[in-house]
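Just the heavy atoms: all of them, side chains too, but no hydrogens, waters or symmetry mates, feed the values below.
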Amino acid sequence: HVQLVESGGGSVEAGGSLRLSCTASGATASDYCMGWFRQAPGKERGAVAFIDSDATTAYADFVKGRFTISLDNAKNTLSLQMNSLQPEDTAMYYCAAAITPLRYGAWCRDPLNFDYWGQGTQVTVS
């Protein structure tokens, strides 16, 4: 049974930073596509960043240069370092895993392939 548990959300002023973490259990995160998604009130959930089983990373255009996704294999923990936060980054942030091994590229960018989700962590930027 795969479980994803996020932490690290909170409230910050514009221009500030936060680091989100997602600890995985029941699966080795580095074997799969992992991603961060977010959902703001009244909006659909959308992609933020991905890391593939070959360690390739990809980002939504609106976070490039500000956010960094990484995976600590020893801790089986996915992270999202968020810098230069803006009010429009306010949302619930979710980590997700696509538990099909050794996938990368376009397959890892399709949210429909992500079958395990964390409970979410709230990020509020004022």
Side-chain angles (χ1 to χ4, degrees):
H1 178 63
V2 178
Q3 283 192 310
L4 303 173
V5 179
E6 299 105 331
S7 60
S11 297
V12 65
E13 291 185 352
S17 298
L18 284 173
R19 185 177 182 86
L20 306 183
S21 295
C22 172
T23 300
S25 60
T28 301
S30 60
D31 288 344
Y32 307 108
C33 304
M34 302 291 293
W36 287 98
F37 297 79
R38 71 185 189 185
Q39 186 169 21
K43 296 187 178 180
E44 293 187 355
R45 187 164 56 189
V48 176
F50 300 96
I51 186 165
D52 301 352
S53 61
D54 63 355
T56 299
T57 59
Y59 298 90
D61 287 343
F62 54 82
V63 302
K64 282 182 180 177
R66 300 190 297 131
F67 293 8
T68 303
I69 190 171
S70 61
L71 184 62
D72 184 331
N73 293 334
K75 297 181 179 179
N76 213 31
T77 296
L78 181 73
S79 295
L80 184 69
Q81 177 66 42
M82 305 186 295
N83 299 327
S84 301
L85 284 162
Q86 300 302 315
E88 53 266 35
D89 294 317
T90 295
M92 185 71 79
Y93 283 71
Y94 300 89
C95 74
I99 306 300
T100 299
L102 304 178
R103 295 290 185 134
Y104 45 85
W107 193 92
C108 288
R109 307 293 171 263
D110 186 349
L112 294 178
N113 291 326
F114 285 79
D115 38 14
Y116 289 92
W117 296 80
Q119 81 287 355
T121 186
Q122 178 67 38
V123 171
T124 302
V125 186
S126 59

Could you check whether any side-chain heavy atom of W36 comes within less than 4.5 Å of a side-chain heavy atom of M82, counting everything from C-beta outward? no

Given 3.5 Å as the limit, does a donor-acceptor pair link the side chain of E6 with the main chain of C95, or not? yes

Check the angle between the aromatic planes of F114 and F37 and answer parallel, tilted or perpendicular using the 30° and 60° thresholds. perpendicular

Rounding to 0.5 Å, atoms SG (C33) and CZ (F50) come to a distance of 9.0 Å

I'd like to know if the side chain of N113 reaches the main chain of A98, judged simply by a donor and an acceptor atom lying under 3.5 Å from each other, with no hydrogens or angles considered. no

Looking at N76 and A29, would you say the former's side chain and the latter's main chain have a donor-acceptor pair under 3.5 Å? yes

With the side chain counted from C-beta on, respond yes when L71 and S30 share a heavy-atom pair under 4.5 Å apart, and no when they do not. yes

Hey, could you give me the OG/CG distance between S70 and L78, rounded to the nearest 0.5 Å? 7.0 Å

Does L112 offer a backbone N or O that forms a donor-acceptor pair with the side chain of D110 under 3.5 Å? yes

Find the distance between OG1 (T56) and OH (Y104) and round it off to the nearest 0.5 Å. 9.5 Å

Do side-chain atoms of D89 reach the backbone of Q86 as a donor and acceptor pair under 3.5 angstrom? yes

Could you check whether any side-chain heavy atom of Y94 comes within less than 4.5 Å of a side-chain heavy atom of L4, counting everything from C-beta outward? no

Kindly say whether V125 contributes a backbone atom to a donor-acceptor pair with the side chain of T90 at under 3.5 angstrom? yes

Distance in Å, M92 CE paired with Q119 CD, rounded so as to fall on 0.5 Å steps: 8.5 Å

Starting at NZ of K75, measure out to OG of S21 and round the result to the nearest 0.5 Å. 8.5 Å

Derivation and outcome, side chain to side chain donor-acceptor pair (under 3.5 Å), residues D31 and S53: CA-CA 5 Å; D31 288 344; S53 61; over 6 Å; no

Can you label the angle between the F67 ring and the Y93 ring as parallel, tilted or perpendicular, going by 30° and 60°? tilted

Within the distance-only criterion (no hydrogens, no angle test), does the side chain of Q81 pair as donor or acceptor with the backbone N or O of R19 below 3.5 angstrom? no

Y116 side-chain N/O to H1 backbone N/O, donor-acceptor pair under 3.5 Å: no

